[in-house]
Amino acid sequence: MKYRRLGKAGIKVSEIALGSWLTYGTVTEQNTAEACVHQAYELGVNHFDCANVYGSTPHEAERFLAKALQPFPRDSYVLTTKAFWPVGPGVNDRGLSRKHLTSQLEQSLKALNTDYVDIFYCHRYDPDTEMEEIVSTIDDFVRQGKVRYGGVSEWPAEKIAEAVQVQSVLGTHPLRASQPVYNMFNRYIEQAVLPLCEQYGLGVVVFSPLAQGLLTGKYRKGQPLPPGSRATTEKISHFITRYLTDENFAKVEDLLSVANDLGISLSQLALAWVLRQPAISSALIGASKPEQVVENVKAVDVELPLDILKRIDQILQ
Ligand code: NDP
């Protein structure tokens with residue numbers, strides 16, 4: 001494994017991080033979840049991601065992850081969670097208000113069976129809460145020792161910039177992490193989010209680097225969907241099936257030939273491609289089987305030469 005700094009924060013995170021959305025606590029059994037987490041930890045992954053809403057009910061994925069991480073010393077890994085999305089029908093059961101963030105952090109700490117999380121993300125931007133309230137709430141969590149670093153997820157660049165500005169006026173702890181989507185099929189962060197995070201010292205942890213499995217090459221045009229995959233699992237298939245288009249299938253075929261030429265798998269190519277960006281701290285994968293972790297982690301040893309990067313750009317145009 002290789003490690004990178006989380007932006008200007010002092011901590012180092014593994015280039016491959018493991019998350020629990022749509023897997024642990026949703027459809028993946030506890031023993032398989034544990035096998036994936038243990039495999040990752042043994043291969044040097046020290047960065048595990050969760051959120052209050054992951055799992056079949058609020059905080060369920062956190063409970064799964066806590067059990068899986070239980071054998072390992074708490075200080076040996078970086079543990080994250082998030083809040084924003086609704087956890088109930090009430091008007092205050094959502095968003096980034098001081099009330100909701102505080103109650104969610106308390107419940108997450110219980111579910112994760114820990115005194116602190118390393119990164120607490122504001123899972124989306126909330127236009128109904130003033131920036132001062134959001135950043136001062138996160139600052140209080142840090143001062144209380146319940147959170148080490150504040151983060152944002154899928155915030156527009158201008159809102160990240162506004163948060164940084166408000167923090168410098170208030171003198172609060174700076175945000176240190178940003179978690180947007182980034183993969184070969186979704187490169188929007190290259191425009192503004194990535195350079196801005198680099199400028200302000202936020203480590204960028206990118207989710208869905210494999211486009212939910214499409215960039216592993218297991219979904220091919222004209223071939224049956226692989227049994228047991230996300231695309232064939234009833235309650236979660238809609239998250240991926242919309243990306244299974246003819247246009248994407250054609251690109252996957254071309255990308256597979258690049259990977260073949262390099263003697264690596266498409267998932268390794270896709271992850272190495274994400275990690276070519278020095279401003280990215282971790283590529284945050286999901287895994288429903290330990291073998292997937294083993295295959296994906298090998299991407300940290302892949303260096304992509306300039307001519308290959310150009311070839312990939314042409315395919316993705
Ligand atoms: P990926 O793009 O890495 O997709 C993961 C899925 O791809 C796996 O669950 C598995 O699906 C399949 N897969 C992975 N490796 C292989 C392999 N080597 N061979 C075959 N199939 C493979 O990421 P996710 O979309 O799952 O997101 C990763 C994490 O990012 C989440 O767990 C979560 O922590 C975070 N996230 C954050 C969001 C946010 O809003 N902040 C939103 C979404 C995700 P299968 O079931 O088919 O085996």
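In listed order, ligands and their atoms are each counted from 1. Computed over heavy atoms, backbone and side chain alike; hydrogens, waters and symmetry mates excluded.
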**Message:** Does the plane of the ring in Tyr41 sit parallel, tilted or perpendicular to the ring in Phe48? Use 30° and 60° as the thresholds.
**Reply:** parallel
**Polar atom proximity, Leu210 to ligand 1 (N or O, under 3.5 Å)** = yes
**Asked** Is Glu154 touching ligand 1 with its side chain, its backbone, both, or neither, if touching means heavy atoms under 4.0 Å apart?
**Response** neither
**Within reach of ligand 1, part of Arg230 (heavy-atom separation under 4.0 Å)** = both
**Asked** For ligand 1, does Trp85 get within less than 4.0 Å through its side chain, its backbone, both, or neither, judged by non-hydrogen atoms?
**Response** neither
**Asked** Between Gln212 and ligand 1, which part of the residue brings a heavy atom under 4.0 Å of the ligand: side chain, backbone, both or neither?
**Response** both
**Prompt:** Using 4.0 Å as the upper bound for N to carboxylate O, is an ion pair formed by Arg74 and Asp115?
**Reply:** no
**Item:** For Ser20, atoms of ligand 1 separated by under 4.0 Å from a heavy atom
**Value:** 32 (O), 34 (O)
**Prompt:** So, Ser108 and Asn52: side-chain donor and acceptor under 3.5 Å apart, yes or no?
**Reply:** no
**Prompt:** Hey, is Tyr24 one of the residues with a heavy atom under 4.0 angstrom from ligand 1?
**Reply:** no
**Message:** One pair to check against salt bridge (Lys or Arg N to Asp or Glu O under 4.0 Å): Arg187 and Asp313. What are the steps and the verdict?
**Reply:** CA-CA 11 Å; Arg187 303 176 65 169; Asp313 273 340; 2.9 Å; yes
**Message:** Counting only heavy atoms closer than 4.0 Å, does ligand 1 sit against the backbone of Ile285, its side chain, both, or neither?
**Reply:** both
**Cation-pi geometry met for Arg230 and Phe239 (6.0 Å, 45°)** = no
**Fill in**
The answer for which part of Tyr121 has a heavy atom under 4.0 Å from ligand 1 is neither
**Asked** For Glu295 and ligand 1, does the shortest N/O to N/O distance drop below 3.5 Å?
**Response** yes
**Request:** Say whether Thr23, considering both its backbone and side-chain N or O atoms, lies within less than 3.5 Å of an N or O atom on ligand 1.
**Result:** no
**Message:** Polar contacts were defined as any N/O atom of the residue lying under 3.5 Å from an N/O atom of the ligand; does this apply to Gly286 and ligand 1?
**Reply:** yes
**Request:** Before signing off on this row, confirm whether Ser229 and ligand 1 have an N or O atom pair separated by under 3.5 Å.
**Result:** no
**Asked** Below 4.0 angstrom, N of the basic side chain to O of the carboxylate: do Asp139 and Arg143 qualify?
**Response** yes
**Request:** Return yes or no for this condition: an N or O of His123 is under 3.5 Å from an N or O of ligand 1.
**Result:** yes
**Region of Glu291 that comes within reach of ligand 1 [heavy atoms, distance under 4.0 Å]** = neither
**Message:** At under 4.0 Å between heavy atoms, is it the side chain or the backbone of Ala231 that contacts ligand 1, or both, or neither?
**Reply:** neither
**Message:** What I want to find out is whether Lys110 reaches Glu106 closely enough, with some N-O distance under 4.0 Å, to be called a salt bridge.
**Reply:** no
**Prompt:** Is there a donor-acceptor contact under 3.5 Å linking the side chains of His59 and Gln104?
**Reply:** yes
**Request:** Kindly indicate, with the supporting measurements, whether the criterion salt bridge (Lys or Arg N to Asp or Glu O under 4.0 Å) is fulfilled by Glu34 and Lys67.
**Result:** CA-CA 8 Å; Glu34 283 180 24; Lys67 270 196 203 147; over 6 Å; no
